[in-house]
Amino acid sequence: MQTSLIFLTVLAAAWSAGYLLYRLTLRAVHNRDEFWRRMVGRARGPLQLGLVITALSFAANIAPLPALQGQILRHALLIAFIACVTWTLTIMLDIWMTPHLRRFRLDVEDNLLARKHVTQTRILQRVSVVLVIVIGISAALITFDRVWQYGVSLLASAGAAGIVLGLALQPVLRNLLAGIQLALTQPIRIDDAVIVKGEWGNVEEITATYVVIRVWDKRRLIVPLNYLMEQPFQNWTRKDATLIGTVLIYLDYGVSIPELRTEAERITRALPLWNCDVFALQVTDFREREVEIRILASASHAGKAFDLRCEIREKLLAYLQREQPSALPQIRASFADATRPALN
């Protein structure tokens, strides 16, 4: 009884000493520069845990304790130390990513370089966090003799349980490998305008296993990473955000193409959405009752291109109704003279 009381007293003193050392560390960095304050502030949890583990480990070695109980306590402290190191590494990855990404802004119009770095950094960070956690769990399991022997026997004999586990983890591993491949090759980036499975939207988030696409009507499309690496999709901002919008109109054969071209060019040049790069008006097809006319106009990105097309359609319709109403699609009919005798 007296031995247990002494042991508990030593543990309580060690715990208090670890917490006191933690508070002294916070006070020491309070007057330092902003970087150290933020770093310690982000790592408060693992810092406190690490100092307490250190103090308890010292107490476990000097306090009187039976051999079995001492072994269990040291084993628990070892597992806690592995968890603390794993936690610290994940926070360090996040701390490293934050100042790196501050140099790149996504809220500017020409953000191609920023999207490239943000995408690559976030994917590699998430994959690294998953790997660190897996390694930490593996290291904790290895400390148990039975689990260690069971794992070695499974690897040596390639038993049915190992095969089932491998098959069960196959989709996860495929997505993790696809995430690494996507970070290196970058077929998509954060904020890219894409069309996936017939849905147009922007890449909102890229995790270690899936991609979140914000559809134009604010829905969210969740796509596995391996799908994007194996299936074709459209990326409208792969190299350049500039996009050429297409406006198709169908008019009567009596339309005056030169006048229409002049008016369409005047309308396009007056719109601030046009980026002064591409404009063209062409007759692209003849149909039974109408002629197909295609207008091309470029904009700085997909959203402006869509609005530009809508503006051109609206203003051209007003012009045709006002200046060339006969150019609108018509149906012509010819009636025979009813007074003439019918031919036998």
Side-chain angles (χ1 to χ4, degrees), residues 104-119 185-204 206 211 213-219 221 223 228 232-252 255-287 290-324 327-329:
F104 307 101
R105 295 181 56 187
L106 295 175
D107 56 348
V108 297
E109 187 168 332
D110 187 12
N111 59 359
L112 180 61
L113 182 62
R115 290 188 286 111
K116 176 181 178 181
H117 283 274
V118 170
T119 300
T185 59
Q186 292 198 340
I188 60 172
R189 304 181 185 93
I190 297 294
D191 204 38
D192 267 351
V194 296
I195 295 181
V196 179
K197 293 189 174 182
E199 297 281 1
W200 180 87
N202 294 88
V203 178
E204 183 177 57
I206 302 178
V211 175
I213 297 176
R214 184 182 67 254
V215 187
W216 65 273
D217 56 0
K218 295 188 178 182
R219 289 178 293 129
L221 181 65
V223 183
L228 296 175
F233 63 93
Q234 295 185 38
N235 188 339
W236 289 6
T237 54
R238 178 69 177 88
K239 292 292 184 181
D240 187 5
T242 302
L243 200 66
I244 298 177
T246 303
V247 177
L248 294 177
I249 55 176
Y250 300 91
L251 301 174
D252 188 77
V255 63
S256 174
I257 299 298
E259 294 180 8
L260 182 65
R261 180 178 290 112
T262 301
E263 180 64 18
E265 185 173 1
R266 186 195 65 80
I267 291 173
T268 304
R269 290 184 179 278
L271 293 175
L273 297 172
W274 186 55
N275 67 350
C276 305
D277 185 17
V278 175
F279 171 79
L281 187 147
Q282 299 168 314
V283 178
T284 53
D285 195 11
F286 285 153
R287 300 191 175 184
E290 57 203 8
V291 57
E292 181 185 81
I293 298 173
R294 184 183 69 180
I295 300 172
L296 301 180
S298 58
S300 57
H301 57 79
K304 287 188 176 181
F306 179 82
D307 294 337
L308 177 63
R309 293 161 59 195
C310 295
E311 290 277 356
I312 292 175
R313 290 191 190 100
E314 180 180 346
K315 294 184 182 302
L316 271 183
L317 178 60
Y319 162 76
L320 290 170
Q321 292 173 340
R322 184 180 65 252
E323 302 294 338
Q324 296 194 53
L328 297 175

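From a predicted model like this one, the values you see are computed outputs, not experimental measurements.
- For the atom pair L251 CG and L328 CG, the distance stands at 7.0 Å (nearest 0.5 Å).
- To the nearest 0.5 Å, the span separating CG on L273 from NZ on K304 amounts to 6.5 Å.
- Around the CD atom of E292, the shell of radius 6.0 Å holds more than 12 heavy atoms that belong to other residues, nucleotides or ligands.
- N275 contributes atom CG, which lies 9.0 Å from atom CD1 of I244 (distance to the nearest 0.5 angstrom).
- With contacts defined as side-chain heavy-atom distances shorter than 4.5 Å, the pair L260/L316 qualifies.
- Residues R189 and D192 share a closest heavy-atom pair of N-OD2, 2.8 Å.
- No donor-acceptor pair under 3.5 Å is formed between the side chain of Q324 and the backbone N or O of V255.
- Considering only residues two or more places apart in sequence or on other chains, D252 meets the side-chain hydrogen bond (donor to acceptor under 3.5 Å, both in side chains) condition with R332.
- Heavy atoms only, all atoms of each residue included: D277 and S298 are closest at CB-OG, 3.3 Å.
- The two residues A327 and L320 have their closest heavy-atom pair at CB-CD2, 4.4 Å.
- Heavy-atom contacts from other residues, nucleotides or ligands closer than 6.0 Å to CZ of F306 number 12 or fewer.
- The nearest pair of heavy atoms linking A297 to L308 is CB-CD2, 3.7 Å.
- The distance from the CD atom of E204 to the CD1 atom of I213 is 10.5 Å, given to the nearest 0.5 Å.
- In terms of heavy-atom proximity, I295 sits nearest to I312 at CD1-CG2, 4.4 Å.
- For the pair L271/D307, no side-chain contact is recorded, criterion being any heavy-atom separation below 4.5 Å from C-beta on.
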* Given W236 and W200, is the side-chain contact (heavy atoms from CB on, under 4.5 Å) satisfied, shown in steps? -> CA-CA 10 Å; W236 289 6; W200 180 87; 3.1 Å; yes
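- The shortest heavy-atom contact between I195 and F233 is O-CB, 3.5 Å.
- A donor-acceptor pair under 3.5 Å is formed between the side chain of R261 and the backbone N or O of L281.
- With contacts defined as side-chain heavy-atom distances shorter than 4.5 Å, the pair D191/R214 qualifies.
- Qualifying side-chain contact (heavy atoms from CB on, under 4.5 Å) partners for R313, counting only residues two or more places apart in sequence or in other chains: V247, R309, C310.
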* To do: Evaluate the side-chain contact (heavy atoms from CB on, under 4.5 Å) criterion for residues E311 and W274: first the C-alpha distance (whole Å), next the side-chain angles of each, then the deciding distance (0.1 Å), finally the verdict.
  => CA-CA 10 Å; E311 290 277 356; W274 186 55; over 6 Å; no
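- Of the candidates V203, L221, V194, V203 is the only one forming a side-chain contact (heavy atoms from CB on, under 4.5 Å) with V211.
- Of the possible donor and acceptor atoms, one in the side chain of N235 sits under 3.5 Å from a partner among the backbone N and O of P187.
- Here the CD-CD distance, from E323 to E259, works out to 8.5 Å after rounding to the nearest 0.5 Å.
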